[in-house]
Engineer: 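Please read through the structure below; I'll follow up with questions.
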Amino acid sequence: MRNPFAIFTLKPGERVPAVAAAVVIVALNALFVSKMYGALTPLCPPDEMQRLMLSRFRVSGYDPLTLITISSWIDIYNVQRHPLLAFLISPLSLLNSGLAELTGINCALFITAALMSACAFYSFVFLRRTLCEVIGLGAADANLLSALFFSFAYVMVICFAPDHFGFSQCMLLIVLYVAGMRMKKRKLVPTWQMAVLFVFSTGITTTNCVKAVLMQLFVNGRRFFRPRNLMLGIAVPAVALWMFCKFEYDVFVAPIDKARHEARLKRQAEQKAKEERQKKLYAEADSATRAKMAPRMRKKRTVSKMGRPISNDGMMRWSDITTDRGETFVENLWGEPLQFHRRHFLEDMYRSRPVFVRYDLAANYIAEAVALLLFVAGIVCGIRSRFLWLALSWFGFDMALHLGLGFGINEIYIMSPHWLFIVPVAVAFAFRRACGWRLAALRAATGCLAAWLWAHNGWLLASHLLTPAA
């Protein structure tokens, strides 16, 4: 039987570009570790460490959930959205406990950096393999498009950000590569392989189940609908994940949620009692005292950054039908994921960042336009490719979810690692079809865009990471 882990072995032609990618990825993680070392390595009780990590980690809308889980194991991920992640990471928490005994510091920061580096590294490997082995590009063009991909702002960020997006991006690229190779060899995705890919991709991020199903549907065609495949490849894994999710919530999450709910009710009761006392004192005070008390009696009004939902019931309460889609596309969907905004750099929308931030330079919008033209050109050139249609079906699903229904639309850029890799995949079809001066022009445009993004994003991100944590 073939070794299932052989897919992770580097091939001879991959080693030099893989080493170059590893140097960049390790450098980003080293800068992040250096920045956060003083704040996050001292040993302290788990509750205190969790509060410390949540308060000191400020990278866009990402959360340090992986860092917290490794630091002292707690099922902190939303189990409905990430049912397997906490348990997949749990061995690393045991490793951290052992290292803490030996070193006297919390080593979660180093372990997380190694884990995120591995995910980013294999994201590079599987993207480049897809460009070379599935689409058929030469090594030089595959290297150029891979460099373009890693010049994207939020691809750089998730190389070190200890959230789930690095895992999800890597897993989706593995699924896409497997699908492409099956299509190329005119083979089906067997039921057992579908079950494995479904469990791991969905276990990392629940919405990936749709992409796993679309993958097998595009590869297998009508044979996808065979009862055995639907039952053993999709239904059984889905039910098993649901049952595990329910067990996970009841055993590990519910007690924590109950304690948090009781603490929240206690705080609300204390706040209400305080307000009642102030109202009573205000009513009994004379006019001079009232004038002094008036500023404290006024409640601070906060402007909501959330649009109006489709419904206030169930999951639809997270939808948004009023946030401007045009500005969202320009600044937050096709802007921020590819190139950072200088103002409010990596700020969290729920803390200090406005929903929309505009670029200071016209060059940023020119770069956006070039990237969009390359993407569209790739789609036009690969319009007959079943593999490209698979990738675009994933992109369409994300757009329907975030841009259509408005789930997470106000910080849509942090979800971009779920689809950014589709951009170089599409552009690759333009490279494959072009020849002569057209191919030279494509290479020049892609190279200039990559150089601009590396300079713009690299400078801003390096400056941020070289600044000590506040």
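Every value quoted in this text rests on a predicted model; they were computed, and no experiment measured them. Excluded from the calculations below are hydrogen atoms, water molecules and symmetry mates; all remaining heavy atoms, backbone and side chain alike, are included.
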Engineer: For residues W73 and F252, establish whether the separation of their ring centroids is below 6.0 Å.
Structural biologist: yes
Engineer: Looking only at non-hydrogen atoms, find the nearest pair between Q169 and S123 and report the distance.
Structural biologist: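 Closest heavy-atom pair between Q169 and S123: NE2-OG, 3.2 Å.
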Engineer: If you look at every heavy atom in P237 and V199, which pair is closest and at what distance?
Structural biologist: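 Answer, listing the atom of P237 first, then V199: CB-CG2, 3.7 Å.
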Engineer: Is there a donor-acceptor contact under 3.5 Å from the side chain of T112 to the main chain of L109?
Structural biologist: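 The answer is no, because no donor-acceptor pair under 3.5 Å joins these two groups.
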Engineer: Compare every heavy atom of N332 with every heavy atom of P337, then report the nearest pair and how far apart it is.
Structural biologist: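 Result for this residue pair: CD-O, 3.2 Å.
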Engineer: Taking S60 for its side chain and D348 for its backbone only, find out whether a donor-acceptor pair lies under 3.5 Å.
Structural biologist: no
Engineer: Can any side-chain N or O of D63 pair as donor or acceptor with the backbone N or O of L65 at less than 3.5 Å?
Structural biologist: no
Engineer: Is a side-chain donor or acceptor of K35 paired with a backbone partner of T467 at a separation under 3.5 angstrom?
Structural biologist: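 The answer is yes, because a donor-acceptor pair under 3.5 Å joins these two groups.
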Engineer: Tell me, do I25 and F150 make a side-chain contact under 4.5 Å, heavy atoms counted?
Structural biologist: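 Yes. Closest side-chain heavy atoms under 4.5 Å.
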Engineer: Could you check whether any side-chain heavy atom of S201 comes within less than 4.5 Å of a side-chain heavy atom of K211, counting everything from C-beta outward?
Structural biologist: no
Engineer: Find the distance between CD1 (I412) and CZ (F329) and round it off to the nearest 0.5 Å.
Structural biologist: 10.0 Å
Engineer: Identify whether NZ of Lys or CZ of Arg in R432 sits under 6.0 Å from the centre of the six-membered ring of F429 and within 45° of that ring's axis.
Structural biologist: no
Engineer: Decide if atom CZ of R433 counts as having more than 12 heavy atoms of other residues, nucleotides or ligands within a radius under 6.0 Å.
Structural biologist: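 No, because the 6.0 Å sphere around CZ of R433 holds 12 heavy atoms or fewer from other groups.
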Engineer: A side-chain contact here means heavy atoms from C-beta on lying under 4.5 Å apart; do L388 and I383 qualify?
Structural biologist: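 L388 does not reach I383 side chain to side chain.
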Engineer: Do any N or O atoms from the side chain of S151 and from the backbone of L453 form a donor-acceptor pair under 3.5 angstrom?
Structural biologist: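 No; zero donor-acceptor contacts below 3.5 Å.
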Engineer: Filter on salt bridge (charged side-chain N to carboxylate O under 4.0 Å, His left out), then keep only pairs touching residues 373-384, sequence neighbours left out; what's left?
Structural biologist: none
Engineer: Walk me through whether F224 and L230 qualify under side-chain contact (heavy atoms from CB on, under 4.5 Å).
Structural biologist: CA-CA 7 Å; F224 166 83; L230 293 175; 3.8 Å; yes
Engineer: Is a side-chain N or O of T206 found less than 3.5 angstrom from the main chain of Q80, in a donor-acceptor match?
Structural biologist: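 Here the side-chain-to-backbone pair exists.
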Engineer: For S393 and L214, which heavy atoms make the closest approach, and how far apart are they?
Structural biologist: OG-CD1, 3.7 Å
Engineer: Salt bridge check: are D360 and R343 linked by an N-O gap of less than 4.0 Å?
Structural biologist: yes
Engineer: Return the set of residues passing side-chain hydrogen bond (donor to acceptor under 3.5 Å, both in side chains) with H418 (not counting sequence neighbours), or none when no residue passes.
Structural biologist: S168
Engineer: Distance-only, no hydrogens or angles: does the H456 side chain make a donor-acceptor pair with backbone N or O of Q339 under 3.5 Å?
Structural biologist: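 Flag not set: sc H456 to bb Q339 has no pair under 3.5 Å.
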Engineer: Do L52 and E48 make a side-chain contact, defined as non-hydrogen atoms from C-beta onward lying under 4.5 Å apart?
Structural biologist: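 With C-beta onward as the side chain, the pair stays apart.
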Engineer: Under 3.5 Å, is there a donor on one side chain and an acceptor on the other for T323 and N410?
Structural biologist: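 Yes.
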Engineer: Can you name the nearest heavy-atom pair linking L54 to P64, along with the distance?
Structural biologist: CD2-CD, 4.0 Å
Engineer: Establish, yes or no, whether a centroid distance under 6.0 Å links the rings of Y77 and F87.
Structural biologist: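 Aromatic pair excluded; centres sit 6.0 Å or further apart.
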Engineer: Would you check if the side chain of N457 reaches a backbone N or O of F340 as a donor-acceptor pair within less than 3.5 Å?
Structural biologist: yes
Engineer: Please round to the nearest 0.5 Å and tell me the distance separating atom CZ of R81 and atom CG of N208.
Structural biologist: 11.5 Å
Engineer: Answer yes or no: is there a donor N or O on one side and an acceptor on the other, between the side chain of D320 and the main chain of T322, under 3.5 Å?
Structural biologist: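 Here the side-chain-to-backbone pair exists.
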Engineer: Please determine if K246 and D250 form a salt bridge, counting it only when a charged side-chain N lies under 4.0 Å from a carboxylate O.
Structural biologist: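 Counted as a salt bridge, because a side-chain N and a carboxylate O are separated by less than 4.0 Å.
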Engineer: Rounded to the nearest 0.5 Å, what's the gap from CG on L173 to CZ on R128? Could you check?
Structural biologist: 14.5 Å
Engineer: Out of Y154, Y62, F165, F32, which residue meets the ring pair (Phe, Tyr, Trp, His ring centres under 6.0 Å) rule with F160?
Structural biologist: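 The ring pair (Phe, Tyr, Trp, His ring centres under 6.0 Å) with F160 is passed solely by F32 among Y154, Y62, F165, F32.
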Engineer: Do H402 side-chain atoms and F407 backbone N/O form a donor-acceptor pair below 3.5 Å?
Structural biologist: yes
Engineer: Once you round to the nearest 0.5 Å, how far does CG of L88 lie from CD1 of I204?
Structural biologist: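 So the gap between those two atoms works out to 6.5 Å.
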Engineer: Give the C-alpha distance, both sets of side-chain angles, the deciding distance and a yes or no for side-chain contact (heavy atoms from CB on, under 4.5 Å) between L127 and V425.
Structural biologist: CA-CA 8 Å; L127 173 66; V425 166; 4.0 Å; yes
Engineer: Is the closest side-chain donor-acceptor distance between N229 and Q216 under 3.5 Å?
Structural biologist: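 A pair is found: one side chain offers a donor N or O, the other an acceptor, under 3.5 Å apart.
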Engineer: Find out whether I174 and Y122 are in side-chain contact, i.e. whether some heavy atom of one side chain is under 4.5 Å from a heavy atom of the other.
Structural biologist: no
Engineer: Between H341 and R353, does a side-chain contact (heavy atoms from CB on, under 4.5 Å) hold up when you go through it step by step?
Structural biologist: CA-CA 11 Å; H341 290 83; R353 186 189 193 275; 3.9 Å; yes
Engineer: Nearest 0.5 Å please: distance from the CG atom of N220 over to the CE atom of M194.
Structural biologist: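 Going from CG on N220 over to CE on M194, the span is 9.0 Å.
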Engineer: Yes or no on side-chain contact (heavy atoms from CB on, under 4.5 Å) for L461 and L346, after CA distance, side-chain angles and deciding distance?
Structural biologist: CA-CA 9 Å; L461 190 56; L346 288 184; 4.1 Å; yes
Engineer: For the atom pair CG (N96) and CD1 (I89), what is the distance rounded to the nearest 0.5 Å?
Structural biologist: 12.5 Å
Engineer: When you check the side-chain N and O atoms of Y359 and E331, is any donor under 3.5 Å from an acceptor?
Structural biologist: no
Engineer: So does W389 have more than 12 non-hydrogen atoms from other groups sitting under 6.0 Å from CH2?
Structural biologist: no
Engineer: If I compare all heavy atoms of L85 with all of F167, which pair ends up nearest, and what's the gap?
Structural biologist: CD2-CD1, 3.7 Å
Engineer: Quick one, M156 and W454 - any side-chain contact, counting heavy atoms below 4.5 Å?
Structural biologist: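 The answer is yes, as the side chains (C-beta and beyond) meet within the 4.5 Å cut-off.
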Engineer: Can you label the angle between the F149 ring and the F152 ring as parallel, tilted or perpendicular, going by 30° and 60°?
Structural biologist: perpendicular
Engineer: Please work out which of the three classes, parallel, tilted or perpendicular, describes the rings of Y177 and F126, given edges at 30° and 60°.
Structural biologist: tilted
Engineer: For residues F397 and W419, establish whether the separation of their ring centroids is below 6.0 Å.
Structural biologist: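 F397 vs W419: aromatic centres not under 6.0 Å.
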Engineer: Side-chain contact, heavy-atom cut-off 4.5 Å: M415 with L401?
Structural biologist: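 They are not in side-chain contact.
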Engineer: Within the supplied structure, the quantity of interest is the number of heavy atoms (other residues, nucleotides, ligands) at a distance under 6.0 Å from F200 CZ; does it exceed 12?
Structural biologist: no
Engineer: What I'd like to find out is whether the side chain of M171 reaches to under 4.5 Å of the side chain of L197, using heavy atoms alone.
Structural biologist: yes
